[in-house]
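Every value quoted in this text rests on a predicted model; they were computed, and no experiment measured them. Residue numbers start from 1 in every chain, and the chains themselves are labelled A, B, ... in the order their sequence lines are given, proteins ahead of strands.
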There are 2 protein chains.
Amino acid sequence: MDNQQIKGAGLKVTRPRAKVLSVLQGSRRRHLSAEDVYKELLINGEDVGLATVYRVLTQFEEAGLVCRRHFETGQSVFEINRGEHHDHLVCIRCNRVVEFADALIEERQRAIAAQHGFRIEDHALVIYGVCAGCAKE
Amino acid sequence: MDNQQIKGAGLKVTRPRAKVLSVLQGSRRRHLSAEDVYKELLINGEDVGLATVYRVLTQFEEAGLVCRRHFETGQSVFEINRGEHHDHLVCIRCNRVVEFADALIEERQRAIAAQHGFRIEDHALVIYGVCAGCAKE
DNA sequence: AACAAGATGCGAAAGCTTCCCACTCGTTCG
DNA sequence: CGAACGAGTGGGAAGCTTTCGCATCTTGTT
């Protein structure tokens with residue numbers, strides 16, 4: 001049950017938190033901005049504040065429940081963390097996002113970081129391009 | 001001479017533009033935010049507006065003279081474009097930036113994009129970690 | 001030297017995100 | 001089960017970076 005995840009993060013199980021989590025889990029799109037989540041909640045008749053959505057998303061991020069991504073759209077997007085690392089292909093026309101994982105790239109990154117004396121904390125690889133659908137038009 | 005680069009971009013050679021370019025070229029740090037450039041100009045006694053710095057940097061970016069990078073610091077940073085593509089290692093403690101290029105990673109990216117029907121326009125790989133200096137402390 | 005197009009600087013405004021604070025709710029303990 | 005306390009919330013104000021609008025000033029040209 002969702003609530004266990006919230007409890008596990010040391011957070012009280014409140015209505016806003018449960019609802020934010022369920023929006024993230026139930027949405028067809030995997031990547032939602034805070035605004036997206038907020039609007040979805042309003043549509044569902046929930047009476048939450050945008051500030052709360054931001055707060056909750058930040059707490060979820062700290063708890064490892066969600067990941068925050070910074071694509072070049074000017075706003076952060078959030079997705080539930082399924083544990084498996086992956087990177088993103090983003091269509092600059094329609095904003096479609098495709099996820100991928102590549103062991104070889106990960107491997108090279110570790111090598112490069114080591115070579116420069118860095119201990120990796122995180123990394124973000126985003127490929128921007130035009131997807132097949134948009135290329136046709 | 002610098003002015004040729006500005007002219008080549010189809011821009012008038014004005015004092016602010018020449019100065020912004022020279023700050024970018026003369027700075028020891030390779031990655032500067034708009035604010036950094038602005039402050040540097042003020043220190044040098046130049047009377048420019050911050051809006052102009054932003055405008056000029058954007059024009060330089062469009063002209064291919066500089067590249068804009070979006071690290072996760074909340075503000076964009078700019079560096080002069082030396083033509084050779086590269087990616088970045090950023091220290092999350094001291095913000096030190098190390099550049100690197102890896103043919104194997106580039107190669108894999110092309111393969112992955114092709115595989116998903118994307119035509120690559122651009123990409124950004126940033127590895128966040130702790131550099132050797134900061135790890136010691 | 002004069003002119004038109006283009007640049008600039010300033011302040012105002014936009015967009016995203018966080019802060020503040022009085023009020024409300026969830027949890028714990030009696 | 002209910003009271004009490006600390007945590008959480010909503011709404012608006014405020015913060016930051018970046019952009020816009022416009023009157024004024026420059027550049028490059030004739």
Ignoring the backbone of [X], work out which of [options] is nearest its side chain.
| X | options | result |
| --- | --- | --- |
| A/V48 | D/dG10, D/dG8, C/dG9 | D/dG10 |
| B/A51 | C/dG11, D/dT9, D/dG28 | C/dG11 |
| A/K12 | C/dT8, D/dA7, D/dG11 | D/dA7 |
| B/Y54 | D/dT19, C/dT8, C/dG26 | D/dT19 |

Is there a donor and acceptor pair closer than 3.5 Å between the side chain of A/R15 and the base of C/dG26?
-> no

Side chain of A/R17, base of C/dG26: donor and acceptor closer than 3.5 Å?
-> no

Report, as yes or no, whether the 6.0 Å neighbourhood of atom CZ on A/R30 holds more than 12 heavy atoms from other residues, nucleotides or ligands.
-> yes

Could you tell me whether the phosphate oxygens of [N], OP1 or OP2, come under 4.0 Å of any side-chain nitrogen or oxygen in [X]?
| X | N | value |
| --- | --- | --- |
| B/T52 | C/dG9 | yes |
| A/T14 | D/dT9 | yes |
| A/S76 | C/dC16 | no |

Separation of [N] [atom2] from [X] [atom1] (nearest whole Å):
| X | N | atom1 | atom2 | answer |
| --- | --- | --- | --- | --- |
| A/R55 | D/dG10 | CZ | C1' | 8 Å |
| B/L50 | C/dG11 | CG | P | 12 Å |
| A/I6 | C/dG26 | CD1 | C1' | 13 Å |
| B/E61 | D/dT18 | CD | C1' | 13 Å |
| A/L42 | D/dG10 | CG | P | 10 Å |
| A/E72 | C/dC16 | CD | P | 16 Å |
| B/L41 | C/dG9 | CG | P | 9 Å |
| B/H70 | D/dT17 | NE2 | P | 15 Å |

In terms of ring plane angle, is the pair B/H31 and B/H88 parallel, tilted or perpendicular, where the classes change at 30° and 60°?
->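 Aromatic pair B/H31/B/H88 classed perpendicular.
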
Comparing B/Q75 and B/V13 on DNA chain D - which has the more 5′ nearest nucleotide =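 By nearest-heavy-atom nucleotide position, the 5'-most residue is B/Q75.
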
If you measure from the Lys or Arg side-chain nitrogens to the Asp or Glu carboxylate oxygens, is any gap between B/R69 and B/E99 under 4.0 Å?
->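 Salt bridge between B/R69 and B/E99, a charged N being under 4.0 Å from a carboxylate O: no.
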
Is it true that B/E72 and A/R68 make a salt bridge, defined as a side-chain N closer than 4.0 Å to a carboxylate O?
-> no

Closest-nucleotide ordering on DNA chain C, the 5'-leading residue of B/Y38 and B/G10 | B/G10

Exam field: side chain A/T58 to backbone A/Y54, donor-acceptor pair closer than 3.5 Å |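 Judged by distance alone, yes, a pair lies under 3.5 Å.
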
